[in-house]
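Letters go in sequence order (proteins before strands), and every chain restarts at 1. This structure is a prediction, so every number in the text was calculated from the model and none was measured.
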Amino acid sequence: MKDSHIIDLLKSNRYAKVSEKLYGYFPVIKKLILKNSGNREDAEDIYQEALIILIKKIKDPSFELRSSLNTYLYSICRFLWSERLKKKNKKPETGFEKYMDGFQVNELETFQKNESDIRLAEKAFQQLGEKCKQLLMLFYFKKMTMANIAQKLNFNSENVAKNQKYRCIEKAKENLQILKSSSHE
Amino acid sequence: MNKYTEIIDRYLSGEMSLAEKADFEKQLASNSELKSEFLSQRQIIEGIERVALKSEIKQGFKRGSFKNKAGKWILGFVIVALAVSTVFVIKTSTNEQDHKKLYKTPHAMASSDKEEKLRYELTEENNSNWVEADKQLLSQFFKISGKRDTVIETKAGIILAIPASSFYKNTGEEVAENIELEIKEAMNPLDIMKAGLSTTSNGELLRTGGMFYLNARQNGENLKIQGKGIYTSIPTNQRDKDMMLFDGKRTSDGQINWVQPKRFENKLIPVDILSLDFYPRNFLDSLKTLGYPIKNKKMTDSIYYSFVCETQGAVADSVFSRAMNESIAQPLNVFQTYSLTGNYSATSILRGQKDTLASYSMGCEIAPSRIRAIWDKKFNNTLLATKEFEERLKAIFMTCNPELLSLYINNMHKKMYQVDSMASRLLNEDKIEGPKIFKEFYLRKDGGVSIGESHMKELRAYMEEKRSIYEKAAQKTFAELYKKETILDEQLAQKRNEHAIKDAARLNKLFYEELQTNLESAYGQLGKPYYRPSGRSAVSLTTFHYESLYNVIPAPYYYSVPIVTTGWKNVDAYAYESLAKRQTLDYADASGKKATIRYQPFTLKVKDSENFDRIVAYLIPDKLTTFQKIPFKEGAYKENLNELIQYSAIVFGFKGNEVYVNSISEAKPSEETISLSLMSQKDLSYYAYLNSGATNDLIGELNHEFFLHKETQRKKVKTKQKEIRRKLMPVVFPCYSPPPQPTQVAPASEVKSVSTEIVQ
């Protein structure tokens, strides 16, 4: 599997395909996490989180991939898992840290800072009704036009769909406010 | 509705004009309420994207995981089916290093990680005399270990079986790890010409079957080959016994001279004997038409072995007759419920042991029981367990001569061609009329099998696996296409002539495309590297379906030779060796006069030649896989043409990554100027396959032409001699009266002048 091929897929937004193709890297990461007091679920979680970071990074035009995808993904997983272990006040196996060399820890730390905010936003979104979720995903993720969305989701007109979209966003913002205030307590 | 939601969304979705945007941003800086709304809205959108992305990733992850498991399952199945248990075991990886192996077989430690042209400063001879071909051809690198036997296959399908401990340093120290094998190859005409390779050996033209370069290094230091050498198999579509392996010597003018030819060994590679077909010719086909399941070997065996007949041969051989007695008990009952028609004479069926004496008939000479005795696993790894023997056996059946069979069985430690020669003598083929089958076998010079060496076993396993993957994929494709083909056939019948060819071509293409898909998936399931078409051509341009097939389809034949030195190698035969060696004297004049062949100058100029980085010009003798590079002298490409040969001339111009081309289909002794144009798809396929279908028959044609030429010359000389003789006769023998020649009675004066000439 060629990295350039994966990157091409990413650039054409075929994320599911990318994830499928990269599956081959998972066993190594699983091994890593199992060895360091994690379980399979942790491994999947970390791996998928790392994939998201990888995808975001590669889509960022200012980012420059300095190693193979495999190595990069592996480093992200190591970083994420050691962060998580730190939070749990567990120490990773000795020698765990030293694999981080040549890798932009800074980049990942800034990435991590936004992470808790985004998690709340995810939750706020997940609390919406099914139709809202669909509508928002089609627009913001699949980048479909409102006219097409209106047709697909059986709205009477594009305008109706548009107004519905605003209402859904507002609802999500409300959810987010509530989540934020409760998390501050 | 919140007053800000819409405007923020329009901003975030990029729906604003520049002016609106600037205004919005101004507000954003001053209005804290807007700012807070904006931040949380942006956050929400990020959340939406994240959720969607996660779900896609999960989906792909599940599919990947499923495929991985399914792949392993199929793999396990294939291992059982092939009984090649050690060839590729995928184990769950333990670290990153192991993990990489997941995609490669132990053999194919193999797949080359990187391609470049010149990675090192020094050649295998520790100098920096890289020539044009070194610089133009991409290298394939393989990392291997010196501790075990390795089989690797290059992109063009050259297979190298490398025994453990094959490499050592100049100091004599053996190298165990991190051996880097570098291979460059030019196996098709296009690659050969682009690389500027020429097929000449000390000025003599060679016909080539492909060229390659091989070197081994450890940390950049050149290694040497020791021991028996690297057993190399070079794929070919047809076997040519004149082919030899030449070593390349780089010359000071940037070319390679091919020297020290070495014959190929033609070692045979044994396969699983049970996978061969030892039945008489058409046995399986006939059964099939009779409606028997021919894939069930037990069934077909029981039918075949039930044809027991006591021939002289079988009686003489008590071991075989015992085996025979054991064989008849059970299967016979099964068989008797079927009725036989067709090719098989009823007299040859054993209806009970008592009847056997009565069942003497032609065709029964080679008793099935004898076949049964040899068609057994214990003969695996012998001369008998080869495709080549299968071929002989079919011929033996046709001769109805059991002695021939004994000959092959008793001499299985010998080389195949030795036994072929004995067989030919036994049949007195030299004296009899008709086809000389065993003599032809003999002329192929098939060797023996060498079984002791473990790397040969690995090679065998590799070949078998390759063949089996291919056969499965091909079968599947054929089955799927069969229906379509029937439909097309019907259409074909309606449309008749004009479209027939087109449709056939389409069908053919369809087959290859589907075959490729099937092969790719078969290889994928096995975790084996599969080279997509782009892999093959040295200068990577667009490619064609047959290119990728080239290396996944097992070649029909391989030239095999142990290689003991690194450097450039060329599979070649002298283009005119057969001409020179040919017993032309058999036909030619008794006087021993030699006909001369004229060479006439040909000059080629390329328009705007200064615009190109590099230009190569070739003369391609018609229908010969020979590449004669035209030297550049005094502003033009100049070469002498052999008057017997029809040449085409081809010129390639390189400008950056672009390739320009033009050709002259019939190069005549003259001066020509041509201009080059950018290479198209059509050109590419044309030049890639140029002359690659040249056969020995064509060499034969050439021989014939050569002979005719000599004949004409000889006749001319003879006629002239006769003429002189005739004219001189009356002079020498004044009393001689010439036979009446109504038109050409020589007057006395003419006779006189001839005689003066002679004196001079």
Tell me, out of A:E44, A:R119, A:Q177, A:R14, who's got the most heavy-atom pairs with chain B below 4.5 Å. A:E44
Crowded around A:K59 NZ? As in, over 12 foreign heavy atoms under 6.0 Å? yes
Any heavy-atom pair between the side chains of B:K54 and A:Q48 that's under 4.5 Å? no
Heavy-atom proximity to chain B below 4.5 Å, by part of A:I55: side chain
In short, B:I57 meets A:S19 closest at the heavy-atom pair O-OG, 2.6 Å
For atom CD of B:E15, is the number of surrounding heavy atoms from other residues, nucleotides or ligands below 6.0 Å larger than 12? yes
Any chance you could measure A:E170, atom CD, to B:D9, atom CG, to the nearest 0.5 Å? 10.5 Å
Interchain contact, A:K142 with chain B, by part (heavy-atom threshold 4.5 Å): side chain
Counting only heavy atoms not in A:Q151 (residues, nucleotides, ligands), do more than 12 fall under 6.0 Å from its CD? no
Take the angle between the ring planes of B:F61 and A:Y47 and call it parallel below 30°, perpendicular above 60°, tilted in between. tilted
Measuring only between side-chain heavy atoms, which start at C-beta, is A:K133 closer than 4.5 Å to B:V51? no
Side chain / backbone / both / neither for A:A124 at chain B, heavy atoms under 4.5 Å: side chain
When rounded to the nearest 0.5 Å, the distance separating CD1 of B:I44 from CD of A:E174 is 10.5 Å
Shortest non-hydrogen contact from B:R63 to A:K17? NH2-N, 4.4 Å
dist A:F141:CZ -> B:S55:OG (nearest 0.5 Å) comes out at 7.0 Å
Main chain of B:G60, side chain of A:E20: is a donor-acceptor contact present, judged purely on distance under 3.5 Å? no
Please look at B:R10 and chain A and tell me whether the side chain, the backbone, both or neither of the residue comes under 4.5 angstrom of a heavy atom of that chain. side chain
I need the A:D117 CG to B:E46 CD distance, nearest 0.5 Å. 9.0 Å
Nearest-0.5 Å distance, CD1 of residue A:I118 to CD of residue B:E49: 9.5 Å
Check the surroundings of atom CD in A:E41: do more than 12 heavy atoms from other residues, nucleotides or ligands lie under 6.0 Å from it? no
B:E6 (side chain) donor-acceptor with A:Y166 (main chain) under 3.5 angstrom: no
For atom NZ of A:K131, is the number of surrounding heavy atoms from other residues, nucleotides or ligands below 6.0 Å larger than 12? yes
Euclidean distance, B:I45 CD1 relative to A:L136 CG, rounded to 0.5 Å: 8.5 Å
Measuring heavy-atom distances to chain B, does A:Q126 have an atom under 4.5 Å in its side chain, in its backbone, in both, or in neither? side chain
Derivation and outcome, side-chain contact (heavy atoms from CB on, under 4.5 Å), residues B:Q43 and A:K180: CA-CA 12 Å; B:Q43 212 173 317; A:K180 269 185 180 168; 3.3 Å; yes
B:G47 to A:A121 - nearest heavy-atom pair and separation: CA-CB, 3.9 Å
